[in-house]
Amino acid sequence: MLLDPGMDLTLRPMKYPHFFDRFKDAIKNTWTVEEVDLHSDLADLARLSDAEKHLVSRLVAFFATGDTIVANNLVLNLYQHVNSPEGRLYLSRQLFEEAVHVQFYLNLLDTYVPDLDERAAAFAAVDNIPSIARKAEFCFKWIDSVFELRRLETREHRRAFLLNVICFAACIEGLFFYGAFAYVYFLRSRGVLQGLASGTNWVFRDESMHMAFAFDVVDQVRAEEPDLFDAEMERQVRDMLAEAVECEVQFAGDLLEQGVSGLSLGDMREYLQHVADRRLAALGIDPIYGSKNPFAFMELQDVQELSNFFERRVSAYQMGVSGSVGFDEDF
Ligand SMILES: [Fe+2]
Ligand SMILES: [Fe+2]
């Protein structure tokens with residue numbers, strides 16, 4: 001079974017070919033940081049209001065460490081316990097993508113924050129900015145919850161690991177990052193920071209696929225060991241999502257503290273609740289909030305992003321893309 005302890009090395013016969021398909025789909029989405037021109041954003045940054053500048057500075061401070069934390073959990077926990085060589089192929093690819101994201105946000109901060117003291121402060125946000133520190137603590141709590149586990153010997157071990165997988169997919173990649181992307185696409189809808197938005201299109205797509213793979217893992221374990229998914233597990237997942245929403249609403253309160261015209265804290269809260277409900281639905285769990293998506297600019301996102309993807313592939317590389325690309329994430 002997928003969570004049996006050990007290091008299965010046998011690719012043939014392949015036990016989980018859908019994991020291998022995810023790996024091949026991910027390779028079709030290869031991009032590099034050098035393709036994204038952020039310098040076009042500098043003129044926009046100079047003419048933002050003080051409240052918008054505050055939003056952007058908090059946002060980049062979150063991006064400074066977010067993907068590094070996800071990459072650490074991937075290596076320390078996921079790679080260790082997802083016992084499938086084709087699954088580990090996907091995780092290797094995901095680790096590469098997280099590294100590209102780290103490089104992208106490094107480039108973003110170096111470009112957006114020329115002052116060296118301000119830049120150092122942004123990279124230290126997990127220690128110095130309370131709303132970002134709270135999100136980091138949430139992540140570390142769930143990394144630590146399984147960090148000591150070397151082998152998933154018992155039912156409780158497996159449940160603890162599943163909660164870690166669900167946390168990073170649904171709460172961190174699927175909520176903290178989606179929240180961050182919403183600010184980027186809000187700014188794009190106002191005609192500013194198109195460079196950041198174009199890089200975000202790539203990251204967004206990667207994150208959607210990371211989440212889809214993690215949910216595949218959860219579904220696979222559910223098929224193999226349905227008794228792990230009891231009412232207690234469901235309660236823990238709902239509590240976890242609710243705490244993640246609280247963390248992200250606090251962050252939104254910080255970003256929007258000076259009042260950004262066109263983006264209210266109430267709408268942001270509703271959006272985050274809506275996203276959390278979608279994550280619960282993907283896990284077969286009843287919604288908590290029943291909130292609607294108030295952001296039309298996010299509903300358009302998947303369609304625009306997909307067409308950009310094909311255009312870029314064809315125009316930039318003259319490389320045909322055939323078959324499905326596996327974009328099945330929704331909002
Ligand atoms: Fe990432
Ligand atoms: Fe990710």
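Indexing begins at 1, ligand by ligand and atom by atom, following the structure's order.
- Here H210 fails the criterion, with no N, O or S atom under 2.8 Å of the Fe ion (ligand 1).
- Of the angles at the Fe ion (ligand 2), the one spanning OE2 of E98 and OE1 of E207 is 160° when given to 10°.
- In this structure, R134 does not pair ionically with D254, as no charged nitrogen and carboxylate oxygen lie closer than 4.0 Å.
- Using a 4.0 Å cut-off between charged side-chain N and carboxylate O, R93 and E97 make a salt bridge.
- In this structure, OD2 of D67 and ND1 of H101 enclose an angle of 100° at the Fe ion (ligand 1), rounded to 10°.
- With respect to the salt-bridge test (charged N to carboxylate O, under 4.0 angstrom), the residues K135 and E248 qualify.
- Under 2.8 Å from the Fe ion (ligand 2) lies an N/O/S atom of E173, whether from backbone or side chain.
- Ion pair E243/K141 flagged as a salt bridge, since at least one NZ, NE, NH1 or NH2 atom sits closer than 4.0 Å to an Asp/Glu carboxylate oxygen.
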